[in-house]
Amino acid sequence: MPSSKVAVITGTNSNLGLNIAYRLIEKSKPEETLTIVVTSRTLPRARECIEFIEKFVEKAGRKGSVNYDYLLVDFTSMVSVLDAYYTLTNRYDYINYFFVNAAQGVYAGIDWIGAVKEVCANPLEAVTNPTYKIQKVGVKSKDGMGLVFQANVFGPYYLIQKILPLLEAGKGTVVWISSIMAAPKYFSLQDIELLKSDVSYEGSKRLVDLLHIATFKEMQQKGVRQYLTHPGIFTSLSFFQYLNVFTYYGMLLLFYLARWIGSPWHNIQGYKAANAPVYVATLANPHFEKQHMKYGSATFRDGMEYIKTDEVDVTGSEDVYKYIKELKSKWDEKLKDQIKPTRAAL
């Protein structure tokens with residue numbers, strides 16, 4: 001293996017994405033050169049991410065070298081995904097880590113009356129499996145696919161398949177990041193692209209579970225390890241626009257209350273939420289780990305973190321994989337010779 005490692009983190013500009021980068025830097029060997037490839041839809045956000053990570057490295061006083069690169073990619077555009085493949089192939093001979101942290105939703109707000117009722121009836125359930133988040137139905141991407149399906153599942157899968165030679169060369173690890181809310185009830189095989197669903201975000205994470213179950217053995221045969229994780233519950237930037245100072249701190253108070261009551265999943269901080277993804281990526285002896293399990297970031301009542309594993313309901317995994325493989329073949333044909341350069345100087 002080379003004395004340098006390359007890590008691609010999708011959704012780096014999120015709370016979780018940045019903390020994956022931080023923890024990976026801490027876990028990497030000091031003698032290794034680590035290259036963090038930041039991904040974003042826009043160049044200003046990519047620059048911002050790199051600045052955050054640079055400050056973290058400086059504060060941490062890491063002895064080994066950390067390099068930075070960026071990748072502009074919009075997973076709701078297949079041309080953009082293809083360009084990301086083209087860019088990575090031309091810049092790297094191998095990739096060691098690929099974190100699938102895509103987490104796009106089509107939210108329309110919060111049902112505040114429903115939220116109050118849920119909190120009063122069962123506070124723990126209300127902040128663990130909330131049903132008061134309002135999501136739009138039937139939103140398509142410009143490519144004509146279900147937008148959330150493409151952003152969180154198919155787009156990342158397509159890119160992984162295109163860069164498989166790089167992952168094989170780096171004996172790489174792919175880490176899919178699912179959700180605590182990826183329950184079977186949120187997904188139907190009659191609506192794989194989630195166009196009829198009013199819980200498309202949760203449905204997309206259930207799809208991530210099924211896709212991982214259907215593919216990890218194939219990836220293993222290619223020398224690529226693949227794991228399924230979830231970050232538990234933490235403060236995310238995606239809902240800040242719907243909260244004011246009172247509702248934000250009220251939410252935070254309920255999170256701490258849930259953890260005190262005994263919930264293992266209320267990590268609250270993005271740093272603790274990033275525990276499971278980085279844990280599976282940097283395992284000292286991966287042969288003893290079970291790839292059919294889901295690895296969750298968890299904390300005890302006092303905030304001490306640990307890894308908690310769960311079984312995955314595999315019902316429908318082969319049907320999902322068949323659909324996605326056929327869709328990949330269609331897009332392979334559509335995307336022939338369609339490359340759109342998006343790189344610019346930092």
Side-chain angles (χ1 to χ4, degrees), residues 1-12 16-17 20-29 31-39 53 64-71 73 75 81-102 152-178 208-209 211-230 274-295 321 324 328:
M1 291 293 293
S3 59
S4 60
K5 296 286 181 71
V6 177
V8 179
I9 306 171
T10 71
T12 325
L16 183 60
I20 287 173
Y22 299 160
R23 293 191 78 125
L24 187 63
I25 289 165
E26 290 178 334
K27 280 281 188 180
S28 62
K29 297 176 182 178
E31 65 270 18
E32 288 179 340
T33 297
L34 180 64
T35 298
I36 301 289
V37 182
V38 165
T39 72
I53 299 169
S65 176
V66 179
N67 298 325
Y68 308 95
D69 197 0
Y70 75 96
L71 181 69
V73 57
F75 285 112
V81 172
L82 189 69
D83 176 59
Y85 148 69
Y86 178 81
T87 300
L88 289 171
T89 301
N90 278 274
R91 290 186 66 84
Y92 296 100
D93 296 322
Y94 56 87
I95 292 173
N96 305 97
Y97 308 111
F98 192 97
F99 293 89
V100 189
N101 183 40
N152 296 353
V153 187
F154 183 69
Y157 169 80
Y158 192 87
L159 179 56
I160 289 167
Q161 291 303 301
K162 299 299 281 187
I163 63 169
L164 262 180
L166 298 181
L167 290 165
E168 290 176 31
K171 297 183 179 177
T173 301
V174 173
V175 181
W176 284 94
I177 297 172
S178 179
V208 165
D209 289 5
L211 187 57
H212 165 76
I213 291 297
T215 57
F216 76 85
K217 290 182 180 177
E218 286 186 14
M219 298 290 276
Q220 197 173 43
Q221 291 171 358
K222 298 176 185 295
V224 178
R225 294 184 293 132
Q226 180 173 282
Y227 290 97
L228 180 66
T229 68
H230 77 78
N275 186 19
V278 176
Y279 167 79
V280 296
T282 58
L283 288 170
N285 193 336
H287 301 293
F288 289 101
E289 297 296 325
K290 300 174 181 177
Q291 289 173 264
H292 67 280
M293 304 288 285
K294 183 189 284 191
Y295 293 79
Y321 190 31
I324 287 178
K328 178 185 177 295

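No experiment lies behind these values; they were computed from the predicted model shown.
Under a 3.5 Å cut-off, the side chain of Asn96 and the backbone N or O of Val6 do form a donor-acceptor pair. Between the side chain of Thr12 and the backbone N or O of Gly17 there is no donor-acceptor pair closer than 3.5 Å. One N or O on the side chain of Thr39 and one on the backbone of Ile9 form a donor-acceptor pair closer than 3.5 Å. Put simply, the side chain of Thr173 never gets that close to the backbone of Tyr97: no donor and acceptor are under 3.5 Å apart. Side chain of Ser28 to main chain of Ile25: a donor-acceptor pair is present (N/O by atom type, distance under 3.5 Å, no hydrogens or angles).
Taking Gln220 as the reference, Gln291 meet the side-chain contact (heavy atoms from CB on, under 4.5 Å) condition, with sequence neighbours excluded. Take Phe216 and apply the ring pair (Phe, Tyr, Trp, His ring centres under 6.0 Å) test, not counting sequence neighbours, and it matches His212. Scanning for salt bridge (Lys or Arg N to Asp or Glu O under 4.0 Å) contacts around Lys328 gives Asp332, with sequence neighbours left out. For Tyr158, the ring pair (Phe, Tyr, Trp, His ring centres under 6.0 Å) partners two or more places apart in sequence, or in a different chain, are Phe154. Remark: Arg225 engages no residue in a salt bridge (Lys or Arg N to Asp or Glu O under 4.0 Å) (not counting sequence neighbours). The ring pair (Phe, Tyr, Trp, His ring centres under 6.0 Å) search around Tyr22 returns Phe56, not counting sequence neighbours.
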Exercise. Output, in order, the C-alpha distance, side-chain angles, deciding distance and verdict of side-chain contact (heavy atoms from CB on, under 4.5 Å) for Asp69 and Tyr92.
Key: CA-CA 11 Å; Asp69 197 0; Tyr92 296 100; 2.6 Å; yes
Exercise. Show your reasoning for whether side-chain contact (heavy atoms from CB on, under 4.5 Å) applies to Val224 and Ile160.
Key: CA-CA 11 Å; Val224 178; Ile160 289 167; over 6 Å; no
Quiz prompt | Residues Ile95, Val37; criterion side-chain contact (heavy atoms from CB on, under 4.5 Å); working and verdict | solution = CA-CA 10 Å; Ile95 292 173; Val37 182; over 6 Å; no
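With rounding to the nearest 0.5 angstrom, the CD atom of Glu32 is 4.0 Å from the NZ atom of Lys5. Rounded to the nearest 0.5 angstrom, Lys294 NZ and Asp209 CG are separated by 3.5 Å.
Between Val73 and Asp83, the closest side-chain pair of non-hydrogen atoms is not below 4.5 Å. Side-chain atoms of Leu24 and Phe99, non-hydrogen and from C-beta on, do get closer than 4.5 Å to each other.
Heavy atoms only, all atoms of each residue included: Gly11 and Asn101 are closest at O-ND2, 3.1 Å. Scanning both residues, Leu166 and Leu88, for their nearest heavy atoms gives CD1-O, 3.7 Å. The minimum heavy-atom distance between Leu228 and Ser178, with the atom names listed, is CD1-CB, 3.8 Å. Taking both residues in full, the closest heavy atoms of Thr215 and Leu211 are given as OG1-O, 2.7 Å, listed atom of the first, atom of the second, then distance. Of all heavy-atom pairs spanning Asp93 and Ala169, the tightest one is O-CB, 3.5 Å. Nearest heavy atoms, Val66 versus Ile36: CG1-CG1, 4.3 Å.
Between the side chains of Thr87 and Tyr70, no donor-acceptor pair of N or O atoms lies under 3.5 Å.
Ring geometry for Tyr157 against Tyr321 counts as perpendicular: the plane angle is over 60°, on a 0 to 90° scale with 30° as the lower cut.
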